[in-house]
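Step one of this worksheet: look at the structure below.
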There are 2 protein chains.
Amino acid sequence: MAKAAADRAATETKKTATETKLLLAARRLFCRVGIHATGISRILEEAGVARRSLYMHYGSKENLLKAVFDTEASMWFQWFDLDLASREDSARERILALFDLLKDWFEREDFFGCVFINAVAEHEKENGWVKEVAIAHREKINARLGAMVEASGARDPDMVTEKLSLVIDGAIVTAMVTGSSGAAHVGRLAAEDILRSG
Amino acid sequence: MAKAAADRAATETKKTATETKLLLAARRLFCRVGIHATGISRILEEAGVARRSLYMHYGSKENLLKAVFDTEASMWFQWFDLDLASREDSARERILALFDLLKDWFEREDFFGCVFINAVAEHEKENGWVKEVAIAHREKINARLGAMVEASGARDPDMVTEKLSLVIDGAIVTAMVTGSSGAAHVGRLAAEDILRSG
DNA sequence: ATTATTGTAGACCAATCAGTCTACATCGAT
DNA sequence: ATCGATGTAGACTGATTGGTCTACAATAAT
């Protein structure tokens, strides 16, 4: 099996080995333990990198978090623009295939939720920059999702897109809380209901 | 209009005024700012309570969080066991009315997501007690939801319940991230699709 | 061979945190 | 009137945090 999109996103863009090690350790710890609960020293330990190197490359914990946001965003765009776009299925089947990608993601041993959602949960939600970044990410995802929905010939594509987006977020959060990948399958079936009705 | 369930949950059980002030301030700050990001001193300021009183009543920040969990759980049980149960509608209409309650919740100026979900997001997700508490809460909610679904005569009530639960979580998270209550309406429509198909 | 870059190792600092402690005020029940 | 419980006010502590700094090693390009 080809390398999973989550790994590709962190490794295949031009990054030094040190940066890659830092990003992988940071993403894992930020999601599994929490961002505030993860100390810099812990990231350095698990990445096997010196403290100075982290501050050379990223300057601050906040910038490291932003870099982690970028790698997770890359994962999603690879899903939409490579994995799903290369399929010759119908638009409807491509939409449903997204939930199979979610299932693979949930089953990774280092899946502990979505960095964006988790980060919003533990940061200021009134005029906070994290929330703004997450909203922007969300809109990019929904634009791609919306294009597929439109191609599927839905009567009210915007509403169907919002419904599917809701189900996707619900599946991610359910998988995070329960620690089970079953939410992906439930989400796929709910998406079928929505597409059937809409 | 009667007092909202969220307030009732925090005030109507036998609690001292000090405890109520602490719980309201803690819930608000834990959700809006994050649990780790909220210092004890900040809670004391906003509650207008002395440091000693907090440690007299709750002993630790962790115990205060547990108490906040309890008040949010009470809110849900009031929804299910009082607000929804007192309706004379059909089971289907009671299920959909849950999304109207969610809308009211999302529109409160102190809504910043679900304490359980937010707490899981920023705590250890491998053998962490917060995750266990959230799973237990989730199961209680789903049991009540499942009873309504069963009463609605769904063919596969368990699967319909899981789908609806997914949509509920999706709506909560979407409302938290976007800061808009529209997710409740989208969730209601998605729930209608699910009930129609299931 | 030398130099610049990128790395490691770890001491160090100021700030902040959860939690403890002392001293004093208020007030209802006896 | 007094006493015990519950409250406020705020100094204090030990641990931990993000971030800086010095000293040194390895590597690659000139």
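Because the structure is predicted, anything quoted here is derived from the model rather than measured. Each chain gets a letter, A, B and so on, in the order the sequences are listed, and its residues count up from 1.
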Listed pairs under 3.5 Å, donor-acceptor, residues 61-68 of chain A side chains, sequence neighbours left out:
{"residue": "K61(A)", "atom": "NZ", "partner": "I35(A)", "partner atom": "O", "Å": "2.9"}
{"residue": "K61(A)", "atom": "NZ", "partner": "T38(A)", "partner atom": "O", "Å": "2.9"}
{"residue": "N63(A)", "atom": "ND2", "partner": "Y58(A)", "partner atom": "O", "Å": "3.0"}

So, using side chain to side chain contact (heavy atoms under 4.5 Å, CB included) as the criterion, who are the partners of E45(A) when residues are at least two apart?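 Once residues adjacent in sequence are excluded, E45(A) has no partner under the side chain to side chain contact (heavy atoms under 4.5 Å, CB included) criterion.
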
Can you name the side chain to side chain contact (heavy atoms under 4.5 Å, CB included) partners of E139(A), sequence neighbours left out? I135(A)

Identify every side-chain donor-acceptor pair in residues 189-198 of chain A under 3.5 Å, counting partners at least two apart or on other chains, and give the distances.
{"residue": "D193(A)", "atom": "OD1", "partner": "R196(A)", "partner atom": "NH1", "Å": "3.1"}
{"residue": "D193(A)", "atom": "OD2", "partner": "K163(B)", "partner atom": "NZ", "Å": "2.7"}
{"residue": "R196(A)", "atom": "NH1", "partner": "S197(B)", "partner atom": "OG", "Å": "3.1"}
{"residue": "S197(A)", "atom": "OG", "partner": "D193(A)", "partner atom": "O", "Å": "3.1"}
{"residue": "S197(A)", "atom": "OG", "partner": "R196(B)", "partner atom": "NH1", "Å": "3.1"}

Residues in residues 117-134 of chain A with a heavy atom under 4.0 Å of DNA chain C, by number, are none

Within residues 163-198 of chain B or reaching into it, pairs that qualify as ring-ring contact (aromatic ring centres under 6.0 Å, His included) - sequence neighbours excluded: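 Qualifying pairs, neighbours excluded: none.
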
Roughly, in whole Å, what's the span from [atom1] in [X] to [atom2] in [N]?
X      : N       : atom1 : atom2 : value
R42(A) : dG18(D) : CZ    : P     : 12 Å
E45(A) : dA9(C)  : CD    : P     : 12 Å
K15(B) : dT6(D)  : NZ    : P     : 17 Å
L44(A) : dA9(C)  : CG    : C1'   : 11 Å
L22(A) : dG7(C)  : CG    : C1'   : 12 Å

Set of salt bridge (Lys or Arg N to Asp or Glu O under 4.0 Å) partners for R144(B), sequence neighbours left out: D81(B)

Mutual orientation of the aromatic rings belonging to F69(B) and F116(B) [parallel < 30°, tilted 30-60°, perpendicular > 60°]: parallel

Determine, for nucleotides 11-30 of chain C in 5'-to-3' order, which nucleotides have protein heavy atoms under 4.0 Å from the base (write B), from only the sugar-phosphate (write S), or from neither (write -). B------BBB-BB-------

OP1 or OP2 of dT8(C) less than 4.0 angstrom from a side-chain nitrogen or oxygen of S53(A), does that happen here?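 Checking S53(A) against dT8(C): at least one side-chain N or O falls below 4.0 Å of OP1 or OP2.
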
Can you sort out the partners of H36(B) under side-chain hydrogen bond (donor to acceptor under 3.5 Å, both in side chains), two or more places apart, ordered by chain and number?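 E122(B).
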
